[in-house]
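Here the structure is laid out as structure tokens; the discussion comes afterwards.
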Amino acid sequence: METLLQVNDLTMNFGGLRAIDHVSLEVRSGEIVALIGPNGAGKTTFFNCITGLYRPSAGEIRVFPPGQKEIRIDGFKPNRVTAIGMARTFQNIRLFSAMTVIENVMIGRHCRTSTNILGAILRGPRTRRQELETIDKSYALLEKVGLTRYANELARNLPYGAQRRLEIARALATDPFLLLLDEPAAGMNPRETKELDDLIVQIRDRDGLAILLIEHDMKLVMNISDRIVVMEYGKRIAEGTPDAIRNDPKVIEAYLGDETDA
Amino acid sequence: MLPGHRSIKTALRTALWFMFLTLPFMVVRVNTLKGEVEWRWQNMLWVGLAVFLLAIVWDIALSNRHKRSDRKPSASQTLSRLSQRVFHDKTVYLPIIAGVFCLALLFPWLFNTYQVNIMVLALMFVVLGLGLNITVGLAGLLDLGYIAFFAVGAYTYALLNTKFGVGFWFSLPIGGIVGATFGILLGFPILRLRGDYLAIVTLGFGSIAKIVFENWEEVFNGAKGIAGIGRPGLFNIEMSLEATTTYIYYLMVALVMFAAFMTNRLKESRIGRAWLALREDEIACVTMGIDMARTKLSAYAFGAFWAGLVGVIFAARNTYINPNSFTFMESALVLSVVVLGGMGSIVGVMIAAMVLILLPEYLRAVAEYRMLVFGAVMVLMMIFRPQGLVSNVHRYYRKHSETDAAQKG
Amino acid sequence: MEYFLQLFSSGLTRGSIYALIALGYTMVYGIIQLINFAHGEIYMIGAFVALIVSGVLTIYGFSGASILVFAAVVAVIYAAAYGYTLERIAYRPLRGAPRLSPLISAIGMSIFLQNYVLLAQTPDFLPFPALIPEFEFIEPLAHIIGSAELVILTVSTISMIALTALIKYSRIGKAMRATQQDMHMARLVGIDVDRVISVTFVIGSVLAAIGGVLVGSYIGQINFYIGFMAGIKAFTAAVLGGIGNIPGAVLGGLVLGLSEAFAAGYISSAYEDVFAFGVLVLILILRPAGLLGRAVKQKV
């Protein structure tokens, strides 16, 4: 398995506060890696650093897009990171709420299409072909997450669980090789979580994407992850297979102690 | 729905409160220069009555607004649905467009020069509205100095024409391009600013532009302005004033159609979607791979392009310009066109510009109160109908295979 | 040297007026993150009410400094009432609306109030009755500072001290600080957030009205449009100091007033207003958190 993402000694300071303290992490192709830890451990900040929303204070982030040379992306703007092939979702859903469901997914295609102002006005054959392709791809993705019948509804009118799935479809539309999911199961009921579980595995197995996810739902994490990284107070305290993590005394003390129902 | 006992009591209290509030302004009129005081107690009565009625209406409207989430179709929903149908059904909208187009073509033959001239002004504001609609309505960048780009276009033509003898038709695209260039130049430093700061800074830019036009005597001739600007020509044919007016009128009709067509094409394209996404959520927008700087600048540039273009026509129509035509009030006027029409809605902006420009021209009683009304319109629209008169219609996207099937079937 | 000191005292005077108005912007922004665009209009309304009251009284034969005090009190009451009503009508129904909505509503309110005064009163400049008594100064001072300037500096200093005390020690002050920190949490612990917001508008309006009365009697004439420029400059001051930051607003006002006075005195007064805008644009671009503000990372 080749490495796709390699983070070395990532550190992020906010003023005097160190939110992430020399965290290293690796994601290899075809893997589902879970990033867990108590609230405030710095998981979302970690995501924000690798997706370019924050500029890390120290450390390096390297990506190895399949079939391309490695790129060091720390300090890149978010849109460049996405163009390279890493897409994410947000903990507190950030859809374009006044746009339709299909339009939300089509936005994801933006960085894979190239129509400029002039092209959009003239609407020549190339533009039209691109536009049709965008529509078709978007519909295919909506089908995958089961939202086809909502395609032309406004995104804000979707039920909560559907909004989460729409975020995933939108991220997938950018053709990533690595998908970053920030608490995708938050606020979902058990049935929806089960569906999500299937969806994530399907994305890995059928589309061959690697997935890095932050999640609090331990059942989901233990079910689907190949590897788990545990963070606490900005530091990485453990890494291993679900079984190893489940039995790691440090993890149990820090985090799992009072939260597992298993 | 009849107002309840409680809402009448509230309305009474509100009326009394406003009688108190307006007492010094509506009742007393003092002229400290001449040492005269005028007491207008009758005004207090009018204020009381008007506020009482308004308060009742306000109360009902607000409670309706809260109930809107219920499934019952309200008046506004019916309106939205109606507009949805109008815009999606070819058999409905094609005849309407054809009718409006015919009326627009016949207009100069049906009305006198004075009225054609006013219509030209209204059409200018349609195009300005369409331009600002891109920046504010689609991309969500509140620009309070928009009229500066209009001024840039007007001064570009004025200078080119009076100093270098450049003709109208050659200047027209130049005006647009200069406008767009200024849009990009001013857009650059403020890329990082958030909505409200952006509003203030653009307001600042607008005011700076006016002060520069006013004070830079050598180039812009200061407050005196520039006179003797050439009217648009047509193959060197001498035209009477009426003929020129008609000519400019048709030019504006064409420009409106052109602007509407281009805006519509952009709106339903990759670029337009990126603008909308930017308006909705900047952070999600950049993480979806959209280059924020480019998207913002293109919205600015395209919006400013139209203002520059119309500026050229404005200078050519008036043959005289001075800095007083480009105040914050003009920017506010264009903004209220966009707000009233509906952010992002092309048809809405067209209707709103017509209403806001023509109404004060034809109803002299309204003219005096026009700015008062514009202010009130902005507040009321935001509270009761933030989507504007005609809400932005989202294109209905069908699956490719479905479209094929529909075309075959 | 004397010229320098003259400029200094006029800059200080100007600056303290900016500071008084800037406080209203900053307090409102601190609590509901809204640029109260119509705040300059409240200042204008304060000045106008004072003009009307003192004008009527002077015409009916009263005179003296007591008129000024009376007019100022009425002006403050009215400005407070307008500020309160403004918030109820134009902002409260828009809580939770998209960010652009209250801003547009605020601009609409500003235009409305300007034209309301224009139509109900007059579009012309009206002379403000000269009511500030002339003090005798000892010689070197007399060239540097006028009595109006002294009054302005004293009154604004007292107002700012009073505001600081109010925010620091009173119950409502504590509630305001809590709401500023976290509106949601404040509501949970039983603070009536709507009331806090109303009070904030009222306090801001009171300060603006004091500024309006002072400026009216200092400059000597006012019209319906004075709020626009003053509002923008005061906003600049608030941003300069770091919006949401109360000492920052005072500092920003003084810095802006002084630099404007010196720029006008030593360079040129034609571009005086450009200068303020220039400062605003530069600050927002280079250091949007202001002089005293801390950079806050947007929560993702």
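To find a chain, count down the sequence lines: A is the first, B the second, and so on, and within it residues start at 1. Keep in mind the model is a prediction, meaning the values are calculated, not measured.
In terms of heavy-atom pairs under 4.5 angstrom with chain C, the leader among Leu144(B), Val136(B), Leu335(B), Val27(B) is Leu144(B). Here Leu119(C) is the residue among Thr58(C), Leu34(C), Leu119(C), Leu280(C) with the most heavy-atom pairs under 4.5 Å with chain B. Most heavy-atom pairs under 4.5 Å with chain C, from the set Leu33(B), Leu21(B), Ile211(B): that is Leu21(B). Each of Trp58(B), Phe20(B), Trp17(B) has some count of heavy-atom pairs under 4.5 Å with chain C, and the biggest count is that of Phe20(B). Most heavy-atom pairs under 4.5 Å with chain C: of the set Met381(B), Glu38(B), Arg40(B), Met343(B), this distinction falls to Arg40(B). Between chain B and the options Asp124(C), Ile111(C), Ile59(C), the largest number of non-hydrogen pairs under 4.5 Å is found for Ile59(C). Heavy-atom pairs under 4.5 Å with chain B were tallied for Pro102(C), Ala90(C), Ser105(C); the largest tally goes to Ser105(C). Considering only heavy-atom pairs separated by less than 4.5 Å from chain C, the leading option among Asn215(B), Val373(B), Val201(B) is Asn215(B). Taking Val30(B), Leu380(B), Leu372(B) one by one and counting their heavy-atom pairs under 4.5 Å with chain C, the maximum is reached by Leu372(B). Heavy-atom pairs under 4.5 Å with chain B were tallied for Thr122(C), Leu51(C), Ile89(C), Val239(C); the largest tally goes to Ile89(C).
Ion pairing between a basic and an acidic side chain is recognised when a charged N comes within 4.0 Å of a carboxylate O; Lys296(B) and Glu282(B) show such pairing. With salt bridges taken as basic N to acidic carboxylate O contacts below 4.0 Å, one links Arg95(C) and Glu87(C). Remark: Glu36(B) does not engage Arg29(B) in a salt bridge, criterion side-chain N to carboxylate O under 4.0 Å.
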Q: Apply side chain to side chain contact (heavy atoms under 4.5 Å, CB included) to the pair Leu356(B) and Ser336(B), showing each step before the final yes or no.
A: CA-CA 8 Å; Leu356(B) 287 183; Ser336(B) 38; 4.0 Å; yes
Q.
For a side chain to side chain contact (heavy atoms under 4.5 Å, CB included) check, start with the C-alpha distance between Val57(B) and Leu53(B), then their side-chain angles and the critical distance, and finish with the verdict.
A. CA-CA 6 Å; Val57(B) 175; Leu53(B) 294 175; 5.6 Å; no
Q.
salt bridge (Lys or Arg N to Asp or Glu O under 4.0 Å), that's the test. Do Lys210(B) and Glu330(B) meet it? Break it down for me.
A. CA-CA 12 Å; Lys210(B) 182 173 176 264; Glu330(B) 274 71 31; over 6 Å; no
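Both the backbone and the side chain of Ile104(C) come within contact range of chain B, judged by heavy atoms closer than 4.5 Å. Only the side chain of Phe235(C) comes within less than 4.5 Å of a heavy atom of chain B; its backbone N, CA, C and O stay farther away. Only the side chain of Gln114(C) comes within contact range of chain B, with heavy atoms under 4.5 Å apart. Heavy atoms of Trp39(B) lying under 4.5 Å from chain C belong exclusively to its side chain. Within the 4.5 angstrom heavy-atom criterion, only side-chain atoms of Tyr84(C), from C-beta onward, approach chain B. Contact annotation for Phe374(B): neither backbone nor side-chain heavy atoms come within less than 4.5 Å of a heavy atom of chain C. Heavy atoms closer than 4.5 Å to chain C are found in the side chain of Phe18(B), but not in its backbone. For Val339(B), the part lying near chain C is the side chain, with the backbone staying farther off; criterion is any non-hydrogen pair under 4.5 Å. For Phe125(C), no part lies near chain B; criterion is any non-hydrogen pair under 4.5 Å. Looking at Ala376(B), the atoms closer than 4.5 Å to chain C (heavy atoms on both sides) sit in the backbone and in the side chain alike.
Distance check, rounded to the nearest 0.5 Å: OG1 of Thr22(B) to CG of Asn43(B) gives 8.5 Å. Once rounded to the nearest 0.5 Å, the distance linking CG of Leu186(B) with CG of Leu297(B) reads 10.5 Å. Of the inter-residue distances, the one linking Phe201(C) atom CZ with His39(C) atom NE2 reads 9.5 Å to the nearest 0.5 angstrom. To the nearest 0.5 Å, the span separating OH on Tyr146(B) from CG on Asn133(B) amounts to 9.5 Å. Atom-to-atom distance recorded for Phe228(C):CZ and Asn223(C):CG is 12.5 Å, nearest 0.5 angstrom.
The backbone N or O of Phe275(C) sits nowhere less than 3.5 Å from a side-chain atom of Glu260(C) that would complete a donor-acceptor pair.
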